[in-house]
Amino acid sequence: MTTKLTVLISGGTSGVGLAIAKSFAKLGADLTLIGRQPQKAQAAASRLAALPGHPTVSTLLGDLSDPTTNQQLAQAFLATHDHLDVLVNSAGTLPTSGDENISVNLQSHYWLTHHLTPALAQAAVPRVFVITGAPLAIKLAPINEGQRTTLARGAWLFDA
């Protein structure tokens, strides 16, 4: 007997997140997509639900960079799921400052993962991924104030 994977994808309504969602949909996963725009989320869910594999697709709407909304989205997921096999953090934006980069592209992933820890702990082999489809974000905005040059930002990526 095969059980469906339970997968939550932030940013799953477009770009890299949607491409990842398509892969899981074809496997027949129980997918939940987090997006900010209702029409875009519904269109993505409808397209994914029609794919081979007969996935179950639902959506949650909100801005993960807002701490209260981030927690509410996690609580909404936890209210309907007893476990989470795969969490894909792919929501993000092209930042205009270091502060925006940290709050939107880093902290929002951390807090969502933190809030979903109870469901991840119930999975047999939980997986958490942080994905970016825009490496240009690192080029354009520092992660911290010590990264004023492209070279300094690139060095951070490869510092072990």
For this session: Look at the side chain of H109 and the backbone N and O of A91, then say whether any donor-acceptor pair between them is shorter than 3.5 Å.
Result: yes

Exercise. Side chain to side chain donor-acceptor pair (under 3.5 Å) with S103: which residues, sequence neighbours excluded?
Worked result: none

Exercise. Do T13 and Q37 have side chains that get closer than 4.5 Å, going by heavy atoms?
Worked result: no

Exercise. Apart from V125 itself, which Ile, Leu, Val, Met, Phe, Trp or Tyr residues share its cluster (side-chain heavy atoms under 4.5 Å, direct or through members)?
Worked result: none

Donor-acceptor contacts under 3.5 Å from residues 42-59 side chains, at least two apart:
unit_1: Q42; atom_1: NE2; unit_2: S46; atom_2: OG; d: 3.3
unit_1: S46; atom_1: OG; unit_2: Q42; atom_2: O; d: 3.0
unit_1: T56; atom_1: OG1; unit_2: K4; atom_2: NZ; d: 2.8
unit_1: S58; atom_1: OG; unit_2: T32; atom_2: OG1; d: 3.2

For this session: Apply side chain to side chain contact (heavy atoms under 4.5 Å, CB included) to T68 and list each qualifying residue two or more places apart in sequence or on a separate chain.
Result: D66, Q72

For this session: Nearest 0.5 Å please: distance from the CD atom of Q122 over to the CG atom of D82.
Result: 7.5 Å

Exercise. Linking Ile, Leu, Val, Met, Phe, Trp and Tyr through side-chain heavy atoms less than 4.5 Å apart, which residues share a cluster with W111?
Worked result: Y110

For this session: Over all heavy atoms of both residues, which pair between G12 and A21 is shortest? Give the atoms and the distance, please.
Result: O-CB, 4.3 Å

For this session: With rounding to the nearest 0.5 Å, note down the distance linking CZ in F129 to CD1 in I20.
Result: 9.0 Å

Exercise. Any idea which heavy atoms bring S65 and P67 closest together, and the distance?
Worked result: O-CD, 3.4 Å

Problem set entry | Check: V7 main-chain N/O paired with D85 side-chain donor or acceptor under 3.5 Å | no

Exercise. Can you hop from L5 to L31 via hydrophobic side chains spaced under 4.5 Å?
Worked result: yes

Problem set entry | Spacing of N89 atom CG and S108 atom OG [to the nearest 0.5 Å] | 7.0 Å

Exercise. Atom CG in L18, atom CD1 in I9: separation rounded to 0.5 Å?
Worked result: 8.5 Å

Problem set entry | Under 4.5 Å side-chain linkage, directly or through intermediates, the cluster mates of I34 | L8, L60, L64, L73, F77, L78, L84, L87, L112, L116, L120, V128

For this session: May I ask whether L27 and L33 are part of the same hydrophobic cluster, defined by side-chain heavy atoms of I, L, V, M, F, W, Y residues being less than 4.5 angstrom apart, directly or through others?
Result: yes

